[in-house]
Peer 1: 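My questions all concern the structure below.
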2 protein chains.
Amino acid sequence: MPLQHRRSDCPISYCLDLVGDRWTMLVIRDMVMFGSKRFSEFQSSGEGIATNVLSDRLQCLAEGGILECSVDRDDGRKRIYRLTEKGIDLVPILIDLAQWGGRHDPNTAVPIEFRKRIENDREGVIAELRAQLESLGHG
Amino acid sequence: MPLQHRRSDCPISYCLDLVGDRWTMLVIRDMVMFGSKRFSEFQSSGEGIATNVLSDRLQCLAEGGILECSVDRDDGRKRIYRLTEKGIDLVPILIDLAQWGGRHDPNTAVPIEFRKRIENDREGVIAELRAQLESLGHG
DNA sequence: TGACTTAACTTGCATTTCACAAGTGACCGT
DNA sequence: ACGGTCACTTGTGAAATGCAAGTTAAGTCA
């Protein structure tokens, strides 16, 4: 999705221009749910994203202000990808996606406890994830 | 997005396999926010979706159980597209997308009142839209 | 120091999807 | 019967995707 041109002034369209493809939200998911920070971690997270596509998505997300990339101080080969505030604000969307999938996917892998937690305390789950991600930011 | 094969058992991935592209959620938006029901209404809703893509998306959404298509009784040329329960359950995601766009898009078209309503009474907004859509179903 | 490995890309290429324009066929009003 | 409308379908070039292989810079070990 090489940085889409603006299609309209609709906020939903704006959002989809940035994260509306089959891969981008999976990268965000890896960061939010599994704490992924590295290229290799995104690469090996199950769905099998191609390296060129991953590279492209990370760059677009960085250009879109959703994440930031820095070089690992202890190992110059490695990059560290971290969500910005704008990126962290995507957490509610991610939770809703998970909730919808959990409800409507007959073969869902979401444990029933987690589904119930989201159902009963959505705000709490969001706050928790948000706090985790923000603490990483100042690490 | 010709009906993606299942990439993993992740609920988010499941969701993205169905609605994770640049157009599908805009079709849903038209149905939820503007009450669109017709091919021509989706076509003329601002972003300029191509007819072949729209046709494909509607078919995929129908196959995915997110909407249903029926022939207009008064005019055999026209189709009526209506969201199923599964489709209506996407409303929270849509609201979150709108909220995120409204917050992070510097040129957002979302009126500040609506943004505040979502911020203060998300559940209320969702319930209202849901009720509207459900009443259409038994029309 | 030099060979080897690892991390993060980049390149090439065949396949798929997309955008755009044009065409088709069922159906309607007159 | 005829022109117009609605919902598609087809054709075509451009762009994105998936896959395999290659590249570059940096770290590791002998």
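The sequence lines fix the lettering, A, B, ..., with proteins before strands; numbering per chain opens at 1. Computed from heavy atoms alone, side chains included, the values below leave out hydrogens, waters and symmetry copies. Owing to the predicted nature of the structure, the values given are computational and were not obtained by experimental measurement.
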Peer 1: I need the CZ-P distance between Phe42(A) and dA7(C), as an integer number of Å.
Peer 2: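 Value for this atom pair: 15 Å.
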Peer 1: In whole angstrom, what separates Arg79(B)'s CZ from dG25(C)'s P?
Peer 2: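 Those two atoms, CZ and P, are 15 Å apart.
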Peer 1: CG of Leu61(A) versus P of dC9(C): gap in Å, rounded?
Peer 2: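 Between P of dC9(C) and CG of Leu61(A): 13 Å.
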Peer 1: How many angstroms lie between CD1 in Ile66(A) and OG1 in Thr24(A), if you round to the nearest 0.5 Å?
Peer 2: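 Going from the CD1 atom of Ile66(A) to the OG1 atom of Thr24(A) covers 8.0 Å.
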Peer 1: Out of curiosity, Leu97(B) CG to Leu26(B) CG, how far, rounded to the nearest 0.5 Å?
Peer 2: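 If I round to the nearest 0.5 Å, the distance is 9.5 Å.
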Peer 1: So does Trp23(B) get a side-chain nitrogen or oxygen closer than 4.0 Å to the phosphate oxygens (OP1/OP2) of dA19(C)?
Peer 2: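 For Trp23(B), the contact criterion (side-chain N or O under 4.0 Å from OP1 or OP2 of dA19(C)) is met.
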Peer 1: Checking salt bridge (Lys or Arg N to Asp or Glu O under 4.0 Å) between Asp72(B) and each of Arg82(B), Lys78(B), Arg38(B), which is the one that passes?
Peer 2: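 Only match with Asp72(B) under salt bridge (Lys or Arg N to Asp or Glu O under 4.0 Å): Arg38(B).
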Peer 1: What is the separation between atom CD1 on Ile49(B) and atom P on dC18(C), rounded to the nearest whole Å?
Peer 2: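 My rounded result for the distance is 9 Å.
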Peer 1: Give a yes/no on whether any side-chain N or O of Ser40(A) is located under 4.0 angstrom from OP1 or OP2 of dT6(C).
Peer 2: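 False: Ser40(A) side-chain N/O out of range (4.0 Å or more) of dT6(C) OP1/OP2.
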Peer 1: For the pair made of CZ in Arg57(A) and C1' in dA16(D), what is the distance, rounded to whole Å?
Peer 2: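 One finds 8 Å between C1' of dA16(D) and CZ of Arg57(A), rounded.
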Peer 1: Starting at CG of Asp21(B) and ending at P of dA16(D), how long is that distance when rounded to a whole Å?
Peer 2: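 Taking CG of Asp21(B) and P of dA16(D), I get 14 Å after rounding.
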Peer 1: Report the distance from atom CD of Glu47(B) to atom P of dA19(C), rounded to the nearest whole Å.
Peer 2: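 These atoms are roughly 12 Å apart.
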Peer 1: Rounding to a whole Å, what distance do you find between Leu54(A):CG and dT10(C):P?
Peer 2: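 To the nearest whole Å, that distance equals 11 Å.
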Peer 1: List, with names and distances, any nitrogen or oxygen atoms from the protein found under 3.5 Å away from nitrogen or oxygen atoms belonging to nucleotides 20-27 of chain D.
Peer 2:
residue : atom : partner  : partner atom : Å
dA26(D) : O3'  : Gly76(A) : N            : 3.4
dG27(D) : OP1  : Gly76(A) : N            : 2.6

Peer 1: Report the residues that fulfil side chain to side chain contact (heavy atoms under 4.5 Å, CB included) with Arg103(B), sequence neighbours left out, ordered by chain and then residue number.
Peer 2: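 Arg103(B): side chain to side chain contact (heavy atoms under 4.5 Å, CB included) contacts with Asp89(A), Gln99(B), Arg115(B), Glu119(B).
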Peer 1: Apply side chain to side chain contact (heavy atoms under 4.5 Å, CB included) to residues Val32(B) and Ile28(B) and explain how you reach the verdict.
Peer 2: CA-CA 6 Å; Val32(B) 172; Ile28(B) 311 275; 4.0 Å; yes
Peer 1: Restricting to side chain to side chain contact (heavy atoms under 4.5 Å, CB included), what partner residues turn up for Arg79(A), sequence neighbours left out?
Peer 2: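 Cys69(A), Val71(A), Tyr81(A).
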